Amino acid sequence: MDFQRARSDEQRAQRRRHILEVTAGMLTEMPVAQLSLNELSRRVGLAKANVLRYFESREAILLQLLDAELRDWLTELDALLTPVQGTPRERGDRLARVLAGSLARRPVLCDLISAQAAVLERNVSAQVALAHKYATLRSFRALAELARRCLPELGAEDAFRLTGFVSLAASAAWPYIQPSRALTAEYPDDPVVAAMHVDFAGVVRQILEVSISGLLERQEDVPLGAGPLAGIPHGIGQE
């Protein structure tokens with residue numbers, strides 16, 4: 001950057017984008033758990049206190065990056081999820097395969113999703129948490145519409161329920177594809193343990209295949225969960 005101190009709104013926005021870009025770059029080198037605010041500050045070229053002028057915490061940075069990653073993923077899916085011929089079962093299986101494969105190609109997104117509830121939402125203000133929740137809601141509504149493009153047999157609420165299953169499947173499966181070094185070292189000598197190593201795309205695909213088949217069979221078309229978010233009309237939280 002060609003300025004030392006951000007004085008205008010444009011410069012402050014540029015500084016925020018730079019912090020997010022550096023953070024994204026770091027996540028290609030290390031998992032979320034290892035990314036520290038100290039190292040981020042060093043790479044950005046600002047004191048930690050100055051970084052915190054733009055984002056209230058490390059977690060706030062990562063949540064905003066998660067929102068951006070979700071939007072980028074939706075852009076990719078918009079090109080991939082095109083209507084095709086076939087039975088509902090065949091089209092549902094294809095939908096599951098495309099979703100799982102696209103997630104597997106986005107390790108940063110999967111790592112952020114897996115850390116979202118347990119870590120990232122724990123050190124932010126209510127304002128930041130709510131902004132993130134509404135951004136996630138918009139992304140999930142958009143993903144539900146893409147799913148119905150391929151599988152119109154899904155009701156609007158069932159399609160939205162599916163987006164929750166996608167997030168939960170990715171969050172649960174992702175940590176298991178990164179075993180400890182100690183365990184990995186035992187794989188060559190213990191094929192039984194090695195066989196338990198999870199193939200992320202395969203597991204997520206199977207979970208989604210079963211989930212989609214169940215939604216199609218039951219056709220309940222009820223809201224995801226039982227909390228306040230489930231009752232929010234589709235237009236709320238959309239831009």
Side-chain angles (χ1 to χ4, degrees), residues 12-13 16-17 19-21 23-24 26-27 31-33 35 37 40 51-78 81 99-100 102-103 106-148 154-175 204 207-208 211 215 220-239:
R12 283 188 284 273
R16 288 173 64 88
R17 288 194 299 270
I19 292 171
L20 289 170
E21 289 168 359
T23 304
M26 291 176 67
L27 289 178
V32 168
L35 191 149
L37 191 55
L40 172 60
V51 171
L52 293 176
R53 292 176 56 197
Y54 297 95
F55 296 92
E56 64 182 41
S57 65
R58 180 192 82 114
E59 289 75 16
I61 299 171
L62 293 170
L63 282 179
Q64 190 159 130
L65 187 59
L66 172 55
D67 297 338
E69 288 284 329
L70 282 172
R71 291 193 298 271
D72 286 345
W73 183 45
L74 287 169
T75 299
E76 177 188 342
L77 290 176
D78 187 38
L81 293 176
L99 290 172
S102 63
L103 279 170
R106 291 178 169 269
V108 171
L109 173 60
C110 293
D111 197 17
L112 287 166
I113 289 174
S114 70
Q116 177 182 9
V119 178
L120 302 186
E121 295 179 356
R122 303 293 175 173
N123 188 31
V124 293
S125 65
Q127 181 180 7
V128 168
L130 286 173
H132 166 67
K133 287 297 187 184
Y134 276 108
T136 300
L137 176 60
R138 290 191 292 271
S139 293
F140 278 19
R141 289 297 186 196
L143 178 56
E145 289 304 313
L146 290 175
R148 295 191 73 198
L154 284 177
E157 292 297 345
D158 275 349
F160 187 65
R161 290 171 75 192
L162 176 60
T163 67
F165 299 157
V166 172
S167 179
L168 289 171
S171 178
W174 184 252
V204 172
I207 292 172
L208 296 183
S211 298
L215 290 170
E220 295 174 337
D221 202 33
V222 297
L224 173 67
L229 194 62
I232 296 178
H234 287 205
I236 301 298
Q238 296 180 341
E239 293 179 337

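Sequential numbering from 1 along the given sequence is applied to the chain's residues. For clarity, every value in this text was computed on a predicted model and none was experimentally measured.
Listed by chain and number, the residues in a side-chain contact (heavy atoms from CB on, under 4.5 Å) with P107 are W174 (sequence neighbours excluded). Under the side-chain hydrogen bond (donor to acceptor under 3.5 Å, both in side chains) criterion, E56 pairs with S125, not counting sequence neighbours. Looking at residues two or more places apart in sequence or on another chain, you find a side-chain contact (heavy atoms from CB on, under 4.5 Å) between L52 and L37, K48. Scanning for salt bridge (charged side-chain N to carboxylate O under 4.0 Å, His left out) contacts around E220 gives R161, R218, with sequence neighbours left out. With sequence neighbours excluded, the residues forming a side-chain contact (heavy atoms from CB on, under 4.5 Å) with S57 are E59, A60, N123, V124, listed by chain and number. For E76, the side-chain contact (heavy atoms from CB on, under 4.5 Å) partners are W73, L80, S102, R105, R106, not counting sequence neighbours.
L66 places a side-chain heavy atom less than 4.5 Å from the side chain of L70. A heavy-atom distance below 4.5 Å is found between the side chains of L112 and L27. By the 4.5 Å heavy-atom criterion applied to side chains, L143 and R138 are not counted as neighbours. With a 4.5 Å cut-off on side-chain heavy atoms, L154 and F160 do not count as touching. Looking only at side-chain heavy atoms (C-beta outward), L109 and D72 stay at 4.5 Å or farther from each other.
Of all the heavy atoms in A173 and V204, the pair that sits closest is CB-CG2, 4.0 Å. Shown here for A117 and R122, the closest heavy-atom pair between the two residues is O-NE, 3.1 Å. When all heavy atoms of V32 and A115 are compared, the pair lying nearest together is CG1-CB, 4.1 Å. Nearest heavy-atom pair, G155 versus R148, reported as atom, atom and distance to 0.1 Å: C-NE, 3.9 Å.
Relative to the ring axis of F55, R16 places its NZ or CZ within 45° and under 6.0 Å from the centre.
Tested against H132, the residues Q116, Q127, Q64 include a single side-chain hydrogen bond (donor to acceptor under 3.5 Å, both in side chains) partner, Q116.
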Working note: D158 + L162, criterion side-chain contact (heavy atoms from CB on, under 4.5 Å); need CA distance, chi angles, decisive distance, verdict.
CA-CA 6 Å; D158 275 349; L162 176 60; over 6 Å; no

Verdict with supporting geometry, V119 and L62, side-chain contact (heavy atoms from CB on, under 4.5 Å)
CA-CA 10 Å; V119 178; L62 293 170; over 6 Å; no

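Summarising the geometry, atom CG belonging to D67 is positioned 7.0 Å from atom CG belonging to L63; distances are rounded to the nearest 0.5 Å. Rounding to the nearest 0.5 Å places CG of L168 at 7.0 Å from OG of S171. Rounded to the nearest 0.5 angstrom, F165 CZ and I207 CD1 are separated by 11.0 Å. For the atom pair SG of C110 and CG of L103, the computed distance is 4.5 Å after rounding to the nearest 0.5 Å. From L40, atom CG reaches atom OG1 of T23 across 4.0 Å, with rounding to the nearest 0.5 Å. If you take CD1 on I113 and CD on E69, they are separated by 9.0 Å, rounding to the nearest 0.5 Å.
Although no hydrogens or angles enter the test, the distance criterion places a donor-acceptor pair under 3.5 Å between the side chain of S114 and the main chain of D111. A donor-acceptor pair is defined here as one N or O able to donate and one able to accept, closer than 3.5 Å; such a pair exists between the side chain of S139 and the backbone of A135.
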